[in-house]
Amino acid sequence: MNKSKNFIGIAIIFVGVFFVSFGGLIIKSFETENLWQILFWRQFFFSVTVSIFLLTKYKKNILRALMESSHVSFIMGLGLFFGFVAFVYSMLNTSVANVNFINTTQVIFLTIFSFIFLKEKINVVTIFSILIAFTGVLIIFINSLYVGDLKGNIIALAMPLCFAGVVIFVKKFPKADLTVSGLIASLLVMTYAIFVSKNISLSSHDFILAMFAGILHTGIPFILLVIASKYISSSLIGLIMLMEALMGPTWAYIFINDIPSINVFIGGIFILFGVILKIYLTIYRN
């Protein structure tokens with residue numbers, strides 16, 4: 001039975017990561033460079049997808065479930081709000097590889113936050129893995145000083161910080177519904193976009209891309225992540241999700257010739273090694 005659950009969980013997260021890996025390619029393919037136009041429609045379709053899932057999950061009790069959502073769900077929603085914005089902004093201002101590599105540090109930040117807020121123990125080898133990963137981030141940042149995309153990389157770093165923070169809340173308040181928080185985050189993004197953007201209309205080309213971004217790249221994978229967490233450990237999920245750091249830049253290279261410098265890949269290797277070491281330690285310890 002456990003093997004069957006593991007297989008189901010792994011299959012679910014593989015599908016989710018496959019869809020997620022096209023995120024950079026999709027964002028880079030938009031005709032508009034208006035951040036809030038993209039975000040409004042991306043999160044609109046995300047909201048529709050998540051709402052359908054919540055209706056299926058809660059059925060007639062959907063309104064009560066939303067009304068009973070605690071302040072924790074709202075706080076997690078704020079974290080996801082900044083994470084959603086950081087992803088699109090960074091994709092518009094640096095390479096796909098940079099964003100994907102930096103995003104994998106979520107595991108590292110989660111370790112640090114768990115030590116600070118949950119009082120989880122941390123050993124010497126874990127500290128070593130953190131230093132390796134941050135060496136990779138430093139290499140990418142130094143490289144960005146030469147190519148002029150430092151701001152995009154700094155904003156990209158906000159993404160794993162926010163998502164790691166959200167996971168801490170999930171751990172501390174397991175009854176909070178992360179899916180509801182995703183919906184809250186999207187509604188916040190859409191509301192803010194209306195206020196700051198004079199025009200949220202898109203061309204038909206961009207509208208289709210926004211639909212793919214909201215449904216296939218974020219909505220469905222977000223739901224699959226929630227489902228997969230019931231079958232396999234968060235460590236195994238984290239290990240499988242590292243595939244995004246490899247597949248994302250590959251799609252961008254094949255379809256739009258988005259090629260970062262060799263220094264980015266060197267930094268990425270450091271990051272991946274540090275993250276894999278941390279995940280391995282977690283799995284081995286458990």
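Start at 1 with the first residue, then count along the sequence. As the structure is a prediction and not an experimental result, all values here were calculated from the model.
- The main-chain N or O of Thr126 is found under 3.5 Å from a side-chain atom of Asn123 such that the two form a donor-acceptor pair.
- Checked against the 6.0 Å centroid criterion, the rings of Phe134 and Phe109 qualify as a close aromatic pair.
- A 6.0 Å sphere centred on CZ of Phe212 holds no more than 12 heavy atoms belonging to other residues, nucleotides or ligands.
- Crowding of Phe273 atom CZ: a count of heavy atoms from other residues, nucleotides or ligands under 6.0 Å not exceeding 12.
- Apart from Leu138 itself, the hydrophobic cluster it occupies contains Ile142, Tyr146, where clustering links Ile, Leu, Val, Met, Phe, Trp and Tyr at side-chain heavy-atom distances under 4.5 Å.
- In this structure, Leu242 and Ile276 have side chains that are in contact, with non-hydrogen atoms separated by less than 4.5 Å.
- No close placement of the His217 and Phe222 rings is indicated, their centers lying 6.0 Å or farther apart.
- Aromatic pair Phe84/Phe46: ring centres closer than 6.0 Å.
- Between Ile184 and Met76 there is no side-chain heavy-atom pair separated by less than 4.5 Å.
- Taking the six-membered ring where tryptophan is involved, the planes of Trp41 and Phe45 are tilted, since the angle between them lies from 30° to 60°.
- Under the 30°/60° scheme for interplanar angles, the aromatic rings of Phe255 and Trp251 are found to be tilted.
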In a table with atom names and distances, give each donor-acceptor pair under 3.5 Å that connects a side chain of residues 200-207 to protein atoms at least two apart or in another chain.
unit_1	atom_1	unit_2	atom_2	d
Ser201	OG	Asn199	OD1	2.6
Ser201	OG	Asn199	ND2	3.1
Ser203	OG	Glu31	OE1	2.9
Ser203	OG	Asp206	N	3.2
Asp206	OD1	Glu31	N	2.8
Asp206	OD2	Glu31	N	3.3
Asp206	OD2	Thr32	N	3.0

Problem - Stepwise salt bridge (Lys or Arg N to Asp or Glu O under 4.0 Å) test for Glu33 and Lys28 - result: CA-CA 9 Å; Glu33 294 183 357; Lys28 293 284 190 182; over 6 Å; no
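- Hydrophobic clustering of Ile, Leu, Val, Met, Phe, Trp and Tyr side chains at less than 4.5 Å, counting indirect connections, keeps Leu25 apart from Val20.
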